[in-house]
Amino acid sequence: MAELSLADYARTLVNEIQTRAEAEDGSIPKTFTRRVLEMLEEGGFVSNTTVAYHEGRGVMIFGFGYSDDRTVLDLYTADFNLTPTATRLTKAGMERQFRRLHAFLRKTSSIQPNFDPTDEVFQLCEGVEKVLADATKIRLFVFANYESAARSTPEPEEFDGLPVEHHLWDLGRLYRHETSGTGGEPIVVDFDPPLPCLSMQSGNSDLSVTLAVVPGQHLAELYEEHRTRLLELNVRAYLQARGKVNGGIRRTLREEPELFLAYNNGITATALEAEFVEDADGNRVAIRKLTGLQIVNGGQTTATLHHVLKRDRTDLTGVSVQMKLTLVNESDLMNIVPRISEYSNTQNKVTLVDFSSNDKFHVDFERVSRSLWAPSTDGTGQDIRWWYERARGSYAVEEAKHISPAARRKFRAANPPSRRFTKADLAKYVNVWDGLPHQVARGAQKNFAEFQMRVKRTPPVIDADYCRRVVAMGILFKAVDQVVKHHGAGSQKAVVTTYTAARLCEATGQRIDLDRIWREQEVSDALVQAVDDLCPRVMDVVIQEGKLATEWGKNPKCWEDVKAIDWQMPDELAAELLRRPVDIPVDTREEEEARLNRLKEIPLVEWEALSEWARETRGLELRDQQVATMVATKLATDSEITPAQVRQALEVHDRALEAGFSPYMA
């Protein structure tokens with residue numbers, strides 16, 4: 001998906017929808033709606049979705065959904081074009097689609113009586129009215145498989161006193177969501193002419209080490225083409241030309257380029273494969289091609305070369321850089337690279353947090369998080385990302401790629417600096433959530449070391465859900481910090497925030513709805529009020545006369561005392577908690593396989609009978625009926641059923657049995 005152009009993506013999407021519609025015997029617009037909702041539900045933008053179509057005078061709707069707490073009502077409509085690259089969605093056309101959804105809200109009560117209770121339109125109206133009774137916000141979604149010419153969605157409005165937001169997902173936004181943040185191919189570099197080298201096998205291991213001298217111009221151009229991908233395994237990204245080391249590199253390149261090879265330590269690199277030129281005796285004498293090239297030390301040298309070439313417009317002809325290259329098997333990459341980095345690094349101070357950049361946990365978290373766009377909450381449609389800075393300074397590196405002021409403003413609008421968080425931040429958020437405030441109070445390095453040990457013992461599944469929930473933990477932590485600030489904790493604010501947030505998570509049994517926080521990108525008023533009530537009580541324990549709070553906070557006894565605080569959770573907060581603690585899953589592949597086998601043990605005819613029974617008796621909600629129908633269709637066509645769909649289907653089957661459905665009906 002990442003390698004497709006926008007036009008290719010558009011064509012692929014049309015073909016996919018046509019194929020699915022034919023296989024599922026459904027209409028193309030409804031199939032498109034279902035496809036988009038599956039993507040958005042996986043991305044955390046929507047939940048509890050139902051696809052149901054109705055069109056009337058001034059009305060068109062393709063489904064509805066609601067948040068788990070039923071405070072947000074979503075309505076969906078779709079506009080599908082078989083030639084998506086040949087037209088554009090006009091502003092007037094977009095506004096017309098939103099008006100049709102708004103009209104449905106007004107006419108729901110008059111539409112419903114015109115349909116039989118078993119009809120999906122009747123149940124659509126009924127479901128919307130039920131959610132609307134408790135909703136505090138309405139969101140209208142327009143899905144289009146071609147690009148919009150409108151620069152923004154309509155301004156937020158109201159319906160019966162409820163705020164109404166408008167969300168447009170056109171072709172460009174769908175494409176960006178599905179392709180951004182995905183991994184790329186290994187970097188391949190050809191040297192023409194071949195690069196003279198001295199190569200030697202490293203003892204009895206599979207490693208081989210090669211020494212060579214790389215033209216500075218070539219190295220700068222490699223960075224121009226691949227940017228931070230070239231430094232993906234580096235313990236830190238380029239720290240800009242601010243430190244003494246970088247300033248010295250820059251001065252040498254500009255003033256004494258012929259001495260650069262003598263003054264600079266060069267780069268340390270790894271590659272997965274290499275093609276060599278060999279002499280008559282079989283000795284490697286030159287490098288012709290490298291596959292999977294990574295600079296694991298010397299990232300600052302590389303980026304400074306690029307800076308001098310592009311920003312200072314300095315000719316690098318004649319500049320040479322020494323390179324120590326180690327060929328590493330891909331399976332050994334994560335074990336070998338940190339040690340190469342550690343032992344060869346003699347420049348700026350590098351911390352434990354920096355070296356852990358290479359851990360699979362952080363590489364995976366960065367990869368997944370780069371594909372997540374936070375839901376727009378202000379009605380403008382401006383997508384933003386939470387920037388996980390796996391390699392120190394990577395945000396500045398990425399921002400520096402955007403040369404013009406306008407480009408930088410655009411980058412910062414999509415990646416606000418306030419949404420940047422580091423590995424140390426991540427460790428703090430998770431350890432507070434898990435009830436380890438005394439560990440967090442010991443400082444970033446010690447807390448991070450504890451976090452590293454915990455994730456190695458029980459590695460979480462690094463998927464979109466996990467990344468969204470970690471970000472939500474961060475939003476929660478920052479919200480608590482704001483309340484603590486207003487209570488005048490002063491210099492003790494950090495430790496008071498840590499303990500207040502931990503006590504809140506402990507008192508709620510980790511049942512705070514992190515998914516809701518992600519969707520809304522803020523915490524609820526009830527939660528803020530609860531923290532406001534809790535904070536002074538925590539301060540009385542953490543800030544005591546005769547005790548230094550920053551030291552007292554490191555003591556496990558402090559946590560025991562804070563947990564012993566007599567605090568009654570407000571009813572408003574209790575009412576919005578989840579029924580069960582937030583699930584942070586570990587590797588569940590075996591369980592998922594067992595569930596899939598259980599689903600397949602249920603005969604196809606039974607799923608078909610369940611769907612028919614539910615429709616005729618209304619023993620299940622429309623959404624559950626559609627799940628049963630979906631499973632029957634996928635089993636009949638031997639299509640893939642996702643783990644989430646498997647779990648959902650088995651829950652529906654169990655509910656049907658409880659409601660009176662008998663397998664013998666099949």
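Numbering of residues begins at 1 and proceeds along the displayed sequence.
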For Trp567, does the six-membered ring have the charged nitrogen or CZ of Arg503 within the cation-pi criterion, i.e. under 6.0 angstrom from the centroid and within 45° of the normal? no
Step by step, would you call His166 with Glu95 a side chain to side chain donor-acceptor pair (under 3.5 Å)? CA-CA 10 Å; His166 304 86; Glu95 291 175 344; over 6 Å; no
So Lys557 and Trp552, side-chain contact (heavy atoms from CB on, under 4.5 Å) or not? Walk me through it. CA-CA 8 Å; Lys557 179 66 166 58; Trp552 168 231; 3.8 Å; yes
Evaluate the side-chain proximity of Trp387 to Glu389: yes if any heavy-atom separation is below 4.5 Å, no if none is. yes
Can you tell me how far apart OG1 (Thr49) and CG (Leu40) are? Round to the nearest 0.5 Å. 9.0 Å
Under a 4.5 Å cut-off applied to non-hydrogen side-chain atoms, are Leu37 and Phe143 in contact? yes
Side-chain touch Glu621/Thr50, heavy atoms, less than 4.5 angstrom: no
Can you tell me how far the OG1 atom of Thr71 sits from the OH atom of Tyr66, to the nearest 0.5 Å? 12.0 Å
Is the closest side-chain heavy-atom distance between Lys423 and Gln452 below 4.5 Å? no
List the atom of Lys30, the atom of Val51, and the distance in Å for their closest heavy-atom pair. CE-CG1, 4.0 Å
Got a second to check how far Thr508's OG1 is from Glu576's CD, nearest 0.5 Å? 10.5 Å
Closer than 4.0 angstrom, basic N to acidic O: yes or no for Asp654 and Arg595? no
Gln97 to Ala78 - nearest heavy-atom pair and separation: NE2-O, 4.4 Å
Are Phe64 and Phe104 close enough that their ring centres sit under 6.0 Å apart? no
Can you list, pair by pair, the side-chain donor-acceptor contacts under 3.5 Å of residues 428-438, counting residues two or more places apart and other chains?
{"from": "Asn431", "atom 1": "OD1", "to": "Arg454", "atom 2": "NH1", "distance (Å)": "2.8"}
{"from": "Asn431", "atom 1": "ND2", "to": "Asn447", "atom 2": "OD1", "distance (Å)": "2.8"}
{"from": "Asp434", "atom 1": "OD1", "to": "Gln510", "atom 2": "NE2", "distance (Å)": "3.3"}
{"from": "Asp434", "atom 1": "OD2", "to": "Arg454", "atom 2": "NH1", "distance (Å)": "3.2"}
{"from": "Asp434", "atom 1": "OD2", "to": "Arg454", "atom 2": "NH2", "distance (Å)": "3.0"}

Is the backbone of Asp583 close enough, under 3.5 Å, to the side chain of Arg469 for a donor and an acceptor to pair up by distance? yes
Has Ser369 got a side-chain atom pairing as donor or acceptor with Glu366's backbone, closer than 3.5 angstrom? yes
Between Lys137 and Glu520, does at least one N-O distance fall below 4.0 Å, as a salt bridge requires? no
Over 60° means perpendicular and under 30° means parallel, so tell me whether Phe451 and Phe448 are parallel, tilted or perpendicular. tilted
Looking at Arg468, is its backbone amide N or carbonyl O close enough to the side chain of Trp386 to form a donor-acceptor pair, meaning the two atoms are under 3.5 Å apart? no
Give the C-alpha distance, both sets of side-chain angles, the deciding distance and a yes or no for side-chain contact (heavy atoms from CB on, under 4.5 Å) between Phe122 and Asp116. CA-CA 6 Å; Phe122 183 97; Asp116 185 86; over 6 Å; no
Would you say Arg370's side chain and Tyr388's backbone share a donor-acceptor pair under 3.5 angstrom? yes
Nearest-0.5 Å distance that lies between atom CG in Asp513 and atom CZ in Arg579: 13.0 Å
Counting C-beta onward and ignoring hydrogens, is there a side-chain heavy-atom pair between Ser67 and Arg519 closer than 4.5 Å? yes
All heavy atoms of Met94 vs all of Pro154, minimum pair found to be CE-CD, 3.8 Å
Does a salt bridge link Glu126 with Arg618, judged by any charged N lying under 4.0 Å from a carboxylate O? yes
Any side-chain heavy-atom pair from Phe361 and Pro460 closer than 4.5 angstrom? yes
Verify, without hydrogens or angle tests, whether Arg173 (side chain) and Leu168 (backbone) share a donor-acceptor contact under 3.5 angstrom. yes
May I ask you to decide if Val631's main-chain N or O and Gln645's side chain share a donor-acceptor pair within less than 3.5 Å? no
Applying side-chain contact (heavy atoms from CB on, under 4.5 Å), run through Phe115 and Leu124 and close with a yes or a no. CA-CA 11 Å; Phe115 295 89; Leu124 166 66; over 6 Å; no
Measuring from Asp425:CG to Phe477:CZ, what's the distance to the nearest 0.5 Å? 8.5 Å
Establish, from distance only, whether the side-chain atoms of Trp559 and Gln439 form a donor-acceptor pair under 3.5 Å. no
Could you tell me whether Glu450 atom CD has more than 12 heavy atoms of other residues or ligands within 6.0 Å of it? yes
Quick check: do Leu162 and Leu132 have side-chain heavy atoms less than 4.5 Å from each other? yes
State plainly whether the residues Glu658 and Arg655 are in salt-bridge range, i.e. N to O under 4.0 Å. no
Treating Arg442 as the side-chain partner and Lys554 as the backbone partner, does any N or O pair qualify as donor plus acceptor under 3.5 Å? yes
Salt bridge (charged side-chain N to carboxylate O under 4.0 Å, His left out) contacts touching residues 522-536 (sequence neighbours left out): Asp533-Arg537
I need the minimum non-hydrogen distance between Val36 and Leu174, along with the two atoms involved. CG1-CD2, 4.0 Å
At what distance, to the nearest 0.5 angstrom, does CZ of Arg176 lie from CG of Asp170? 8.0 Å
Donor-acceptor pair, distance only, cut-off 3.5 Å: does the side chain of Gln521 make one with the backbone of Trp518? yes
In terms of ring plane angle, is the pair Phe421 and Phe365 parallel, tilted or perpendicular, where the classes change at 30° and 60°? perpendicular
Test side-chain contact (heavy atoms from CB on, under 4.5 Å) on Ile602 and His653; report intermediate values, then the result. CA-CA 10 Å; Ile602 301 173; His653 187 268; 3.8 Å; yes
Would you check if the side chain of Thr500 reaches a backbone N or O of Cys535 as a donor-acceptor pair within less than 3.5 Å? no
Single hit among Phe32, Tyr53, Tyr76 for ring-ring contact (aromatic ring centres under 6.0 Å, His included) with Phe62: Tyr53
Is there a donor-acceptor pair under 3.5 Å between the side chain of Tyr499 and the backbone N or O of Val538? no
Quick one: does Leu75's side chain get under 4.5 Å of Thr77's, heavy atoms only? no
Charged N-O contact under 4.0 Å between Arg367 and Asp364: yes
Gln625 versus Arg615, closest heavy-atom pair with distance: OE1-CA, 3.7 Å
Can you name the closest pair of heavy atoms from Leu573 and Ala526 and give their distance? N-CB, 4.0 Å
